[in-house]
Asks: 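Questions regarding the structure given below will be posed in turn.
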2 protein chains.
Amino acid sequence: MFNRLSKCIKKLGNKKKTTIKDIANVLGITPSAVSRALNNHPRISEKTKIAVKQVAENLNYQPNHLASALRKGKSNLVGVIIPRNNSNFFSSVLENIEEVLNKKGYNIIITQSNESYKKECSSIEALLYTQVDGVIASMANETVDLSYYEKIKSKGIPLILFDRGENDLNVDYVGIDDYLTSHMIVEHLLDQGCKRIAHIAGYSKTRIYKNRIRGYNDALEKHGLPIEKDLIIESNLRLNDGRRVMQELLNLNERPDAVYAAGDYAALGALQVLEEQGIKVPEEIALVGFSNEPFTSFVKPSISTIDQKSALIGKLAAEAFLERVNNPKVKASLNKIIVDAELIIRDSSNKKE
Amino acid sequence: MFNRLSKCIKKLGNKKKTTIKDIANVLGITPSAVSRALNNHPRISEKTKIAVKQVAENLNYQPNHLASALRKGKSNLVGVIIPRNNSNFFSSVLENIEEVLNKKGYNIIITQSNESYKKECSSIEALLYTQVDGVIASMANETVDLSYYEKIKSKGIPLILFDRGENDLNVDYVGIDDYLTSHMIVEHLLDQGCKRIAHIAGYSKTRIYKNRIRGYNDALEKHGLPIEKDLIIESNLRLNDGRRVMQELLNLNERPDAVYAAGDYAALGALQVLEEQGIKVPEEIALVGFSNEPFTSFVKPSISTIDQKSALIGKLAAEAFLERVNNPKVKASLNKIIVDAELIIRDSSNKKE
DNA sequence: CGAGGTTGTTCAAACGTTTGAGCAAATTAA
DNA sequence: TTAATTTGCTCAAACGTTTGAACAACCTCG
């Protein structure tokens with residue numbers, strides 16, 4: 001056995017990667033026994049297992065994922081598609097997805113759609129080509145055509161959406177209840193004594209922004225306040241667009257006394273305009289944003305906002321995927337997991353004390 | 001031929017994925033001919049190619065990446081390791097790496113080390129297991145032991161470092177010249193009339209922060225200014241640590257009249273403390289950060305900082321990888337690609353006008 | 001002592017591609 | 001017309017693993 005080993009070590013000189021075959025040769029057993037030993041198969045003797053692992057270690061054996069994935073028809077790779085990577089929300093979601101899935105032996109492939117439908121399609125294409133075992137995605141704002149997502153479903157692998165999803169697509173979803181969250185914001189502002197609440201809305205075709213608008217409207221109605229079209233202005237929610245919308249609101253005959261922006265960057269833009277014009281926040285106009293971007297806590301005044309529980313959403317999305325993989329037959333109930341968002345009240349909307 | 005086709009379509013009913021074998025059966029040719037047709041092999045007739053592609057389309061054929069990667073010994077996957085995903089710098093680098101590599105048929109697997117050495121090791125492990133064709137990485141702050149990176153090199157696949165690299169590891173590197181950039185900052189502050197420039201330094205074991213400190217020292221020396229130990233304080237560069245260091249600096253017998261922080265978050269922390277204490281920026285103390293995080297442009301006063309050309313760095317790192325893959329023999333010269341950083345002068349250090 | 005079960009292993013096929021070698025037919029050159 | 005070359009394909013092995021089936025050797029039990 002010893003000269004077998006040394007022969008093999010010599011062979012290793014020419015840089016070929018070690019395979020289970022090499023291990024088998026060293027020990028004088030077959031590759032299948034080695035494979036089973038490495039996978040702790042019950043029908044392999046403890047003695048052999050130890051020997052195999054020892055030799056594997058010595059030869060610096062690294063299993064070839066490609067081969068086993070091919071044979072098993074399972075890659076242990078999960079694709080994650082996010083719109084953009086620079087927000088704190090997505091980075092935290094990712095971190096948690098990864099944490100949960102790594103523990104179960106999955107690795108993740110992250111792709112950014114950059115909010116572009118075209119890029120999103122090519123990402124899906126690439127992920128499917130890589131034979132991922134599932135996809136966890138948050139849709140680009142632009143995306144209306146769902147055929148590429150249908151393609152994932154038709155492959156028979158799990159598809160989990162988070163944050164940005166579509167009801168039409170019949171799949172698992174994890175996110176907050178935008179409608180209720182909007183309610184919460186409006187009621188907080190009313191509670192602060194505000195009477196004319198404006199809404200810097202997101203792209204009204206996207207489900208989540210649509211729901212925020214609905215929530216805003218219904219909350220006003222519920223409290224007997226009129227819904228004024230002038231006070232709802234659609235925006236791409238970027239900083240500069242927040243400025244533009246705030247300016248428009250200030251140009252109205254009757255100014256609002258509160259602004260609820262569907263995104264933090266838009267809220268920041270609004271805040272800048274208010275500051276430039278010497279309008280006191282929150283005394284004259286109160287302000288609430290959405291997403292809890294880090295900067296909301298350190299600008300002056302700090303901006304009230306919504307914490308979307310990114311860590312929890314990531315964790316739940318990953319678990320939803322695992323659930324689907326482990327119980328592929330249960331096609332029946334699709335989960336809509338709704339996480340409670342949290343309103344973080346900061347200076348920009350806190351008139352009391 | 002037509003009944004062959006319909007037979008095959010029927011077969012497809014039972015959800016099995018189409019393979020080149022299926023296409024071969026339909027057309028009555030061999031799988032190898034199909035493979036060659038799909039890959040535009042010159043020895044396949046135009047007629048056959050067209051027929052194969054037509055049938056492939058009809059049967060909704062999707063090539064199995066795992067199989068071809070296994071056979072070719074090449075996965076067309078590139079691993080990217082970044083410390084954290086929430087900074088604008090890394091997200092922009094990623095976007096550009098992806099753009100360049102996608103064009104060449106590569107997909108990227110992104111993993112976050114979360115600045116943890118342990119996580120970094122397991123990421124490397126995972127990437128190697130997935131048989132990536134190369135790794136592009138920015139090292140975690142913690143990382144001192146390079147053995148895991150050596151492991152990548154020993155696999156014989158390209159390793160490209162960016163931003164955070166180590167000279168000891170003999171590999172390609174893309175980044176800015178931290179030493180010169182520090183010079184530039186110090187000279188800008190001197191130009192503004194500052195005489196006592198403090199430095200909120202990064203972890204002095206990390207190469208880039210070490211170089212920033214060296215640059216700071218040498219620039220002062222060059223201009224005949226003393227180097228005062230009290231004015232250089234090491235920090236983890238997070239917001240709160242920036243506050244702590246700024247407080248320490250203010251407690252000195254003789255206050256600095258300028259602060260150069262090696263990171264934007266630390267600069268922001270410093271700014272908060274200055275504002276709270278009613279110290280005028282830049283008049284009493286000028287401030288410069290590092291990295292051009294978005295918030296530096298919208299806080300009041302806006303913070304002068306360094307743009308590290310993230311897009312360019314991403315692009316160059318990806319190209320360095322491609323270079324290595326295409327010319328594996330050229331072991332000789334390893335590239336240190338140095339990109340010129342740009343000083344963005346904003347209100348926090350602009351005393352003139 | 002023989003039937004039945006368990007243990008530890010081998011055998012061979014399979015996963016879906018790619019690719020060097022081989023070969024017949026068609027084309028070109030001499 | 002024949003030899004040489006080109007064209008268009010087939011054959012079979014290979015990539016490294018996993019896995020159902022088979023089987024010998026050993027153990028157990030009545």
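Every chain is numbered from 1, with letters handed out A, B, ... down the list of sequences. Hydrogens, waters and symmetry mates play no part in the numbers below; they use all other heavy atoms, side chains included.
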Asks: Is the backbone of B:Asp172 close enough, under 3.5 Å, to the side chain of B:Asn335 for a donor and an acceptor to pair up by distance?
Replies: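 It does not hold such a pair.
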Asks: Judged by atom type as modelled, is there a donor-acceptor pair below 3.5 Å linking the side chain of A:Tyr173 to the main-chain atoms of A:Asp163?
Replies: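 Yes.
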Asks: Does the distance from a Lys or Arg side-chain N to an Asp or Glu carboxylate O, for B:Lys151 and B:Glu125, drop under 4.0 Å?
Replies: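 Counted as a salt bridge, because a side-chain N and a carboxylate O are separated by less than 4.0 Å.
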Asks: For the pair made of NZ in A:Lys47 and P in D:dC26, what is the distance, rounded to whole Å?
Replies: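 In whole Å, D:dC26 P lies 13 Å from A:Lys47 NZ.
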Asks: Taking B:Lys119 first and then A:Glu98, would you say they form a salt bridge - that is, a charged N and a carboxylate O separated by under 4.0 Å?
Replies: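 Yes, this pair counts.
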Asks: Report, one pair per line, the protein and nucleotides 15-17 of chain D atoms (nitrogen or oxygen only) whose separation is under 3.5 Å.
Replies:
unit_1	atom_1	unit_2	atom_2	d
D:dC15	O2	B:Arg71	N	3.3
D:dG16	N2	A:Ala67	O	3.2
D:dT17	OP1	A:Tyr61	OH	2.6
D:dT17	OP1	A:Asn64	N	3.3
D:dT17	OP2	A:Ile20	N	2.7

Asks: Below the 4.0 Å mark, does C:dC11 have OP1 or OP2 next to a side-chain nitrogen or oxygen of A:Ser32?
Replies: no
Asks: Take nucleotides 23-29 of chain C nucleotide by nucleotide from the 5' end and write B, S or -, depending on whether a protein heavy atom sits under 4.0 Å from the base, only from the sugar-phosphate, or from neither.
Replies: -------
Asks: Got a sec: does the NZ of B:Lys104 have more than 12 other heavy atoms crowding it under 6.0 Å?
Replies: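 No, not enclosed.
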Asks: Has the side chain of B:Lys336 got a donor or acceptor atom that lies under 3.5 Å from a matching backbone atom of B:Val171?
Replies: yes
Asks: Does the base of D:dC9 carry an N or O that pairs as donor and acceptor with the side chain of B:Thr48 under 3.5 Å?
Replies: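 When only heavy-atom distances are counted, B:Thr48 does not reach the base of D:dC9 through any donor-acceptor pair under 3.5 Å.
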Asks: In whole Å, what is the span from the CZ atom of A:Arg36 to the C1' atom of C:dT10?
Replies: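 A:Arg36 atom CZ is separated from C:dT10 atom C1' by 9 Å.
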Asks: Under the side chain to side chain contact (heavy atoms under 4.5 Å, CB included) test, which residues partner A:Tyr117, sequence neighbours left out?
Replies: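 In terms of side chain to side chain contact (heavy atoms under 4.5 Å, CB included), with neighbours along the sequence ignored, A:Tyr117 is linked to A:Glu120, A:Cys121, A:Glu142, A:Thr143, A:Asp145, A:Ser147, A:Tyr148.
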Asks: Answer yes or no: are there more than 12 heavy-atom neighbours, outside B:Lys74 itself, under 6.0 Å from its atom NZ?
Replies: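 Enclosed: over 12 neighbouring heavy atoms sit under 6.0 Å from NZ of B:Lys74.
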Asks: Quick one: the side chain of B:Thr30 and the base of D:dC11, do they pair up donor-acceptor inside 3.5 Å?
Replies: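 No, the side chain and the base share no sub-3.5 Å donor-acceptor pair.
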